[in-house]
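Down below is the structure, laid out as structure tokens.
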Amino acid sequence: MVQKGDIGCDIVGRDVMLVDDVLYTGRTVRAALDALFDHGRPRRVQLAVLIDRGHRELPIEAAFVGRRFQIEENETIEVKMKEIDDSEKVLLVERVA
């Protein structure tokens with residue numbers, strides 16, 4: 001049984017691929033990297049994202065990107081997946097203040 005916080009394998013010296021739906025500020029990826037390095041030092045970490053929406057706060061770049069969008073600060077991207085939302089789509093939504 002895998003315990004909370006256990007990633008289930010040894011990552012030391014291995015290539016690791018992090019996958020995220022939307023890359024925005026980079027803070028979520030940074031937190032994932034911090035958690036990953038708590039388990040050891042991989043040889044290489046690469047990032048794959050479905051959507052890169054720009055407006056980065058941290059110097060993080062995805063190696064693999066499905067689509068890039070330069071959107072306004074008042075807009076957001078919603079990713080719907082069949083397993084959770086019963087449909088598969090990417091929506092550009094304007095935030096109401």
Side-chain angles (χ1 to χ4, degrees):
M1 178 177 205
V2 177
Q3 300 293 319
K4 182 178 179 181
D6 183 13
I7 58 176
C9 65
D10 181 20
I11 63 166
V12 175
R14 291 189 164 182
D15 292 336
V16 175
M17 176 73 67
L18 292 178
V19 179
D20 201 359
D21 56 353
V22 179
L23 177 57
Y24 179 36
T25 62
R27 290 181 288 166
T28 302
V29 173
R30 178 58 202 223
L33 287 168
D34 289 344
L36 187 66
F37 282 106
D38 287 346
H39 296 279
R41 185 180 175 113
R43 184 174 79 88
R44 175 173 57 177
V45 178
Q46 290 183 300
L47 175 63
V49 298
L50 181 62
I51 304 292
D52 181 347
R53 61 167 283 176
H55 301 288
R56 211 83 69 242
E57 294 176 5
L58 299 171
I60 291 176
E61 185 176 346
F64 305 96
V65 178
R67 291 288 303 261
R68 293 182 201 280
F69 291 101
Q70 287 298 325
I71 63 176
E72 302 298 322
E73 290 287 337
N74 67 331
E75 296 174 322
T76 188
I77 298 280
E78 292 182 9
V79 176
K80 306 292 184 181
M81 297 193 172
K82 186 176 182 179
E83 296 80 5
I84 298 169
D85 305 300
D86 292 325
S87 65
E88 293 187 354
K89 55 186 161 186
V90 175
L91 303 169
L92 175 62
V93 180
E94 186 174 352
R95 283 187 241 160
V96 179

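One is the number of the first residue; the rest follow in order along the sequence. Just the heavy atoms: all of them, side chains too, but no hydrogens, waters or symmetry mates, feed the values below.
Linking Ile, Leu, Val, Met, Phe, Trp and Tyr whenever their side-chain heavy atoms come within less than 4.5 Å puts Leu50 and Phe69 in one cluster. Linking ILVMFWY residues whenever their side-chain heavy atoms come closer than 4.5 Å, directly or via other members, places Val79 and Ile71 in the same cluster. There is a path of hydrophobic side-chain contacts, each under 4.5 Å, that joins Ile60 to Phe37. Transitive grouping of hydrophobic side chains (ILVMFWY, heavy atoms separated by less than 4.5 Å) brings Val49 and Val29 into a common cluster. Linking Ile, Leu, Val, Met, Phe, Trp and Tyr residues whenever their side-chain heavy atoms come within less than 4.5 Å places Ile7 and Val16 in a single cluster.
Within 6.0 Å of CD in Glu57 there are more than 12 heavy atoms belonging to other residues, nucleotides or ligands. Crowding of Glu75 atom CD: a count of heavy atoms from other residues, nucleotides or ligands under 6.0 Å exceeding 12.
Atom CD of Glu78 and atom NZ of Lys89 lie 9.5 Å apart (nearest 0.5 Å). One distance of note links CD1 of Ile77 with OH of Tyr24; it measures 11.0 Å at 0.5 Å rounding. The CD atom of Glu72 sits 6.5 Å away from atom NE2 of His55, with the distance rounded to the nearest 0.5 Å. Residue Ile11 holds its CD1 atom at 4.0 Å from CG of Leu36, rounded to the nearest 0.5 Å.
Contact between Glu73 and Arg95 at its shortest, heavy atoms only, is O-NH2, 3.2 Å. Nearest heavy-atom pair, Ala32 versus Leu18, reported as atom, atom and distance to 0.1 Å: CB-CD1, 4.2 Å. Between Arg14 and Pro42, the shortest heavy-atom distance links the atoms O-CB, 3.2 Å.
In this structure a side-chain-to-backbone donor-acceptor pair under 3.5 Å is missing from Arg27 to Leu58.
Residues Leu23 and Ile51 are not in side-chain contact: their nearest non-hydrogen atoms beyond the backbone lie 4.5 Å or more apart. Using a 4.5 Å heavy-atom threshold, the side chains of Val90 and Asp21 count as separate. Looking only at side-chain heavy atoms (C-beta outward), Leu47 and Glu61 stay at 4.5 Å or farther from each other.
Residue pairs meeting the side-chain hydrogen bond (donor to acceptor under 3.5 Å, both in side chains) criterion with at least one member in residues 37-50, sequence neighbours excluded, are Asp15-Arg43, Asp15-Arg44.
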